Amino acid sequence: MNEFDPQETEAYRSNERLTVWVCHLMVVLMMACVGVSFMQVGQAFVLNWKGAYLPFIVAFISLESLYSWRTTRRQFDLNLNGLIYFLIEVVVLLSVTKIVLIIWNGWQGYWPDFSTWSVNFFPNFFDGEYIFVILVGTMIWFVSRLFAMDLSELEGDHALLGSDILQHVRSDRMKARQVMISRVLTIGLFMVLIASLVRLDHEALWGDRPAPSGSVLNVVIYFVLALVFLTQTHLAALRASWAWERVPIRYGLAQRWWITSLIFLGMVGIAAFLLPTNYSIGFLSSLGYLVSLTGYIISTMVTLVLLPIYLLISWLISLFSARTADSPSPLESMPDMLPPPGIGMDLSWLDLLKSLFFWGVFSGVIGYAFYQYILQNKELIGRITELPGLHWLVNQIRRLLNGAKSANQKIRLAVHKGIERLRDRRLEYSSTASTHYFSLRKLPPREKVIFFYLAFLRRSKESGFPRRPSETPYEYAASLESHLMSRKKNYSLSLAHF
Amino acid sequence: MVEQFLFFLIFLILIAAVFRQDFAFTIVYLFAGAYILASWWNRRSMGSLSFVRKFSNRAFLNEEVHVRLEIQNDSLLPVVWLRINESMAVELSAQPAFRRILSLGSHDKVEFEYILQARKRGFYPVGPLVASSGDVLGILNTQISQFAPDYLIVYPKIVPLTRLNLPSRSPLGTLRHTQPVFEDPTRILSKRDYVSGDSLRRIDWKSSAATGRLQVKQYEPSIALETAIFLNLNTKEYILKNRHTATELAIVIAASIAGWVIAQKQSVGLVTNGVDPLEPINGFPDDGDTSFRLPLPIPARKGRSHFTRILELLARVQPADTLPLLDLLQREYVHLPWGTTLVIISETIAENFFDQLFQMRRVGLNILLVVTGQGKQIQELKKQAAYFGFPLFQICDEKDMDIWRR
């Protein structure tokens, strides 16, 4: 292994760190732009849909996907199996998405729904909007994960610097870059397609009124960000070759690179956005006519080729269907309508138990998922709490928790003291009166006689006929007999005790 | 990457055509603008770069040479990345090149310094500096510029000599001599009483008047030493096995003798048949052969500056298959003044060479032979030299030069 100046290695690391940050940031922002496109789709389908939260959720999901890829790559940092961590991640993301939806749409609107979750969870929990957001989020999560996997190929300058030719260290950054370029452009085309459809929809609604240019701003921003992202991948690819040749690089190279790229491409983007495009309509109409003509010719040819096959298949189907046509299937009876779970309906104890069980399991799963997620990402949580805006809030929460903890300790101390006091009293009592149990059957006859005698004395005392200390057992028996004779009724009661 | 962009743009225009949406042209503008601006920027920023290399271009052996590189961006546009590759001679550095990746802001200037080790005499290029840069997107080819090299001269080793008895027959010099025939009337050694036979010209009248007896002046014999060093660097006249060490030793001997002569305030010149990279391809015009870069003979002169000139030639000169020593001598000795001492340095000397040397001595030149070779052949040479009366020194390594240091 060839030695490389540690300062030079640190310069490589510093530049790599910044490139990684910028690349990830660009991916998150690009995904947010994609989220805007999906929001436009949603708004095209459902008028007055308040979907402005979608880009933020999408950005969050993308960020989480990128981060969790880095976390799961470091398996030794995880205390869990990768699959379990993935499930936890899914639960956390679903929960966060639902919470954002609830907060965004107003929790009052969701309040009546909470009680229905325990009755019929899936249809009530996964409503239409939520499913749409989940679908978009899933797509974004996987795309971001693919980016994360490719971006990880762009790291590891240190390994290249420390490697020798004989060690077979390879870097496939150019290939990873090519893949990312294709992906970025494909997503861009998809966004252009969505924007075109949305604008077509707008034109269908409003006639000749042109669609606002702001509706494609997210597409332009996406491409500007994509180009900035590609500049960073180019730097990473160059860095690999420089590291391989062990050429020292300067600190701050990546910083100048990305700032210059952002300014330069931002200016180009603004200029491109402001330039007029109306004059191209004639060109597009002609081109569109050509394209549609070509499409018509192709479809006609395909129809001609497929027509005999279609006719053959239809003839074969008609042969088989002729037999079954005689016996029409009876109409299925309509299922009985189930009474909807009424709000505020009186619940039986079983329903209550079911509800309690559901909420227990539901909150347990979510709580466990959040707890494990935080536990596995302590470093991230620590860093987030160090952010200036959150620092104050975290301090307040921490103070509140400390207060609760100290109150809890005081209560526990008080309870403990009470228990101690009770225990002392019990010990005191047990020292004076032994309360041990024994089996009468196992006692010898003599002990049995003593037991019964003492029991008799105790019962007599409790019944109001105590034995005086000066009395002998015989004297006591005589006095008791005389008492019992005078109160026959009480005597029979005392006998019943024996 | 360009192909991917082209495919993308074609698809983009197709989508725009199908849906009749002109906003797609904004994306086309964006990509076209990025491409045009990147190529313009790249060319312009490379054109506005200037390089300055500062260093002492002469060095003695084992000296460290600090080379300072200044790279300036004279443009408003920043140079996002620039790779510089400064070539270095392997004799001067363990690394083949000085390489850096840097980034320059508008009107920014960056300085680097690296050290060269003058480990071997020679004439070395420092550079050329090759600068390459490209666009930030990586869609254009890398621009490469080359900046001319500078040169570093590393002088040969000079062994300080104290006693080098070079034969000379040039009278009236500054060097003492033992033979009275070279008495110098400007150097009065002593005075003595007049004896019969003394020349009247020698009588010192003032001291005779003062002492009352006739006194005559006694003069110190002195000679002038005009030396011409003939350095043989024709590779054919060296044994292949130790050609490199023998030629280098010959150069060290020539530099040391020249140094000694200059230190004695005498004049020295240099004639060699080695190749000088700075000389134009000229050779000897009368020979008709123009394939040699033979250096012009340096005539005998005095002084430190003249010595520097000799050292520079000795630093640059390289052994090559050029003119034989005998031919060189035959051509050059006619230009030498009477009494000049010829120091001939070679690995070995051919038998027929002594006839030529004898002729040269007859025309008043003094001959001193220095051979760097070994073996029986040298013993024979010694015998022949003794027979002809030419002093011959055998110097096989630098230690052997101690005979001139005692």
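Just so you know, these numbers use all the heavy atoms, side chains as well, and skip hydrogens, waters and symmetry mates. Note that the structure is a prediction, hence the values are computed from the model and not measured.
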For this session: I would like to know whether B/Phe5 and A/Leu230 meet side chain to side chain contact (heavy atoms under 4.5 Å, CB included); could you show each step before the answer?
Result: CA-CA 12 Å; B/Phe5 280 136; A/Leu230 294 182; 3.8 Å; yes
Problem set entry | Contacting region of A/Leu235 [heavy-atom separation from chain B under 4.5 Å] | neither
For this session: Tell me, yes or no, whether the heavy-atom count around B/Lys120 atom NZ, taken from other residues, nucleotides or ligands under 6.0 Å, exceeds 12.
Result: yes
Problem set entry | Interatomic spacing from CZ in A/Phe190 to CD1 in B/Ile15 - rounded to 0.5 Å | 11.0 Å
Exercise. B/Phe7 versus chain A, heavy atoms under 4.5 Å apart: side chain, backbone, both or neither?
Worked result: neither
Problem set entry | B/Thr26 OG1 to A/Phe223 CZ distance, which is reported to the nearest 0.5 Å | 11.0 Å
Exercise. With distance as the sole test, does B/Gln4 use its side chain to make a donor-acceptor pair with the main-chain N or O of A/Ile181 at under 3.5 Å?
Worked result: no
For this session: Could you tell me whether the side chain of B/Tyr29 reaches within less than 4.5 Å of the side chain of A/Leu274, counting heavy atoms only?
Result: no
For this session: Taking heavy atoms only and a threshold strictly under 4.5 Å, list by residue number the residues of residues 33-51 of chain B that touch chain A; give 'none' if the list is empty.
Result: B/Gly33, B/Ala34, B/Leu37, B/Ala38, B/Trp41
For this session: Kindly write out the residues that satisfy side chain to side chain donor-acceptor pair (under 3.5 Å) with B/Glu111, not counting sequence neighbours, or none if the list is empty.
Result: B/Arg68
For this session: Kindly indicate whether the side chain of B/Ile27, heavy atoms from C-beta on, has any atom under 4.5 Å from the side chain of A/Met191.
Result: no
Problem set entry | Rounded distance (nearest 0.5 Å) linking atom CZ of B/Phe23 with atom OG of A/Ser196 | 4.0 Å
Problem set entry | Min side-chain heavy-atom separation A/Val192-B/Leu12 under 4.5 Å | yes
Throw together a table of side-chain donor-acceptor distances under 3.5 angstrom for residues 81-94 of chain B, partners on residues two or more places apart or in other chains.
residue: B/Trp81; atom: NE1; partner: B/Gly134; partner atom: O; Å: 3.3
residue: B/Arg83; atom: NH1; partner: A/Glu245; partner atom: OE1; Å: 3.4
residue: B/Arg83; atom: NH1; partner: A/Glu245; partner atom: OE2; Å: 3.4
residue: B/Arg83; atom: NH2; partner: A/Glu245; partner atom: OE1; Å: 2.6
residue: B/Glu86; atom: OE1; partner: B/Arg53; partner atom: NE; Å: 3.4
residue: B/Glu86; atom: OE1; partner: B/Arg53; partner atom: NH2; Å: 2.8
residue: B/Glu86; atom: OE2; partner: B/Arg53; partner atom: NE; Å: 2.7
residue: B/Glu86; atom: OE2; partner: B/Tyr114; partner atom: OH; Å: 2.5
residue: B/Ser93; atom: OG; partner: B/Gln95; partner atom: N; Å: 3.1
residue: B/Ser93; atom: OG; partner: B/Gln95; partner atom: O; Å: 3.3

For this session: Applying side chain to side chain contact (heavy atoms under 4.5 Å, CB included), run through A/Leu227 and B/Leu30 and close with a yes or a no.
Result: CA-CA 10 Å; A/Leu227 289 175; B/Leu30 175 68; 4.1 Å; yes
Seminar exercise, completed: d(A/Leu265 CG, B/Leu137 CG) to nearest 0.5 Å is 6.0 Å
Exercise. With a 4.5 angstrom heavy-atom cut-off, which part of A/Trp257 approaches chain B: side chain, backbone, both or neither?
Worked result: both
For this session: Please indicate whether B/Glu312 has more than 12 foreign heavy atoms, meaning atoms of other residues, nucleotides or ligands, lying under 6.0 Å from its CD.
Result: yes
Exercise. Between A/Val228 and chain B, which part of the residue has a heavy atom less than 4.5 Å away: side chain, backbone, both or neither?
Worked result: neither
Exercise. Under the side chain to side chain donor-acceptor pair (under 3.5 Å) test, which residues partner B/Glu63, sequence neighbours left out?
Worked result: none
Problem set entry | Residue part contacting chain A, namely of B/Val110, when any heavy atom lies under 4.5 Å | side chain
Seminar exercise, completed: Answer key: most heavy-atom pairs under 4.5 Å with chain B among A/Arg177, A/Gln232, A/Gln178, A/His234 is A/His234
Exercise. Heavy-atom count around B/Phe147 CZ within 6.0 Å, excluding the residue itself: above 12?
Worked result: yes
Problem set entry | Between CG on residue B/Leu104 and CG on residue A/Leu253, distance to nearest 0.5 Å | 10.5 Å
Exercise. Measuring from A/Ser241:OG to B/Ile101:CD1, what's the distance to the nearest 0.5 Å?
Worked result: 7.5 Å
Exercise. Any donor-acceptor pair under 3.5 Å linking the side chain of A/Arg250 with the backbone of B/Ser103?
Worked result: no
